[in-house]
Amino acid sequence: MREFAYVRASGVAEAVGLAAEGPVAHLAGGTNLFDLMREEVERPERVVDISRLPLSAIDDLPDGGLRLGALARNAQVAADDRIRRRYPVLARALLNGASPQLRNRATVGGNLLQRTRCRYFYDLGAACNKRSPGAGCDALGGLNRGHAILGASESCVAVHPSDMCVALAALDATVNLTGPEGDRSVPITDFHLLPGATPQVETVLRDGELVTSVDLPPWPPVRGTYVKVRDRASYAFALVSAAVLLEAQEGTITVARIALGGVAAKPWRAYAAEELLTGAATNEQAFDEAAQEAVAGARPLRHNAFKIELARRLIRRTLVELS
Ligand code: SF4
């Protein structure tokens with residue numbers, strides 16, 4: 001690991017001010033950052049420790065939603081009674097996301113900002129446009145079983161590894177930011193970027209901006225779940241995962257949300273499939289058609305065509321179970 005300057009920020013304004021002086025890495029739980037620094041994938045000259053900022057609360061919002069502080073631990077969020085009762089899909093995603101030890105360290109903000117686990121990204125001997133723009137992408141012709149089938153580009157086919165973000169996408173969460181130019185909010189579905197020609201730009205965060213919280217809008221009681229398919233039953237990232245919400249009245253679907261993980265560089269909302277379902281009868285034909293629509297634009301790589309059928313079946317099965 002290279003030498004770096006370490007500064008502990010005592011307040012949000014100080015953290016923003018430090019970041020305004022030049023590039024920094026923000027340290028919260030450190031569960032991904034330390035790996036990246038140890039492997040020298042990231043070589044920050046300054047690390048600003050934000051772990052003691054007052055951003056760890058989970059607060060009720062006046063509209064009936066919840067605000068998750070950026071430093072709330074994944075374990076804390078998953079165990080919160082309000083999350084378990086009102087947003088069980090999020091609790092399930094978090095519990096599927098990592099070991100208990102990691103959940104006790106990892107934070108909401110860190111989960112949002114974690115980097116891909118593409119093996120070529122971590123291998124300094126490999127060509128990787130995300131790590132070294134313009135270098136090429138060894139995953140395109142290499143082992144790409146775990147890579148993207150949706151929204152990828154010739155520059156990068158990596159996937160975002162988060163489970164939490166998939167549930168947040170299904171729930172229409174909002175990410176709150178603060179920075180040198182003030183505060184702003186971004187829908188979670190717009191927060192992460194597809195790779196295009198600039199895979200090194202992964203989010204809409206501007207220089208010096210900090211994630212302060214994530215807002216969950218109020219939701220009426222709705223059936224929902226998070227399912228994850230992976231190579232091992234635990235301690236593994238998703239090959240494909242799905243956060244699905246479904247509600248029906250008198251046999252007609254009134255609410256449908258489908259977000260996929262493990263398939264793209266961001267949590268992938270299947271908007272067209274949701275439109276097909278909304279107003280449709282709760283039957284297997286509708287579920288089949290929606291599942292097919294959800295993967296209609298998929299483009300497989302050499303080793304991951306199985307993900308298309310896996311995603312289709314996962315969506316269909318989950319809709320049947322929720323109906
Ligand atoms: Fe790098 Fe993306 Fe290619 Fe992986 S898929 S090697 S992260 S450019």
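As the structure lists them, so they are numbered: ligands from 1, and atoms in each ligand from 1.
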Item to complete: Indicate whether the side chain of Thr225 and that of Arg92 have a donor and an acceptor atom separated by less than 3.5 Å.
Response: yes
One finds that the ligand 1 atoms under 4.0 Å from a non-hydrogen atom of Lys130 are 7 (S), 8 (S)
Among non-hydrogen protein atoms, atom 5 (S) of ligand 1 lies closest to Val157 N, 3.3 Å
Ala139 heavy atoms within 4.0 Å reach ligand 1 at atoms 3 (Fe), 5 (S)
Paired with Leu310, the side-chain contact (heavy atoms from CB on, under 4.5 Å) test is passed by just one of Ile315, Asn304, Ile149, Val240, namely Val240
With Lys228 as partner, the option from Val166, Asn96, Leu239 fulfilling side-chain contact (heavy atoms from CB on, under 4.5 Å) is Asn96
- Query: Any side-chain donor paired with an acceptor under 3.5 Å for Asp215 and Asn176?
  - Reply: yes
message: Looking at atom 3 (Fe) of ligand 1, is there an N, O or S atom belonging to Cys137 that lies under 2.8 Å away from it?
response: yes
task = Could you confirm whether Cys118 has any N/O/S atom lying under 2.8 Å from atom 1 (Fe) of ligand 1?
result = no
Honestly, for Ser155 the part within reach of ligand 1 (heavy atoms, under 4.0 Å) is backbone
### Task
Could you tell me whether atom 2 (Fe) of ligand 1 has an N, O or S atom of Cys156 under 2.8 Å away?
yes
Exercise for the section: Give a yes or no on whether a salt bridge exists between Arg131 and Glu42, defined as a side-chain N under 4.0 angstrom from a carboxylate O. Expected result: no
Looking only at protein heavy atoms, what sits closest to atom 1 (Fe) of ligand 1 is Cys128 SG, 2.3 Å
Closest to atom 6 (S) of ligand 1 among protein heavy atoms sits Tyr120 CB, 3.4 Å
Rounded to the nearest 0.5 Å, the CG atom of Leu94 sits from the CG atom of Asn111 at a distance of 6.5 Å
Does either side chain, that of Asn144 or that of His303, offer a donor lying less than 3.5 Å from an acceptor on the other one? yes
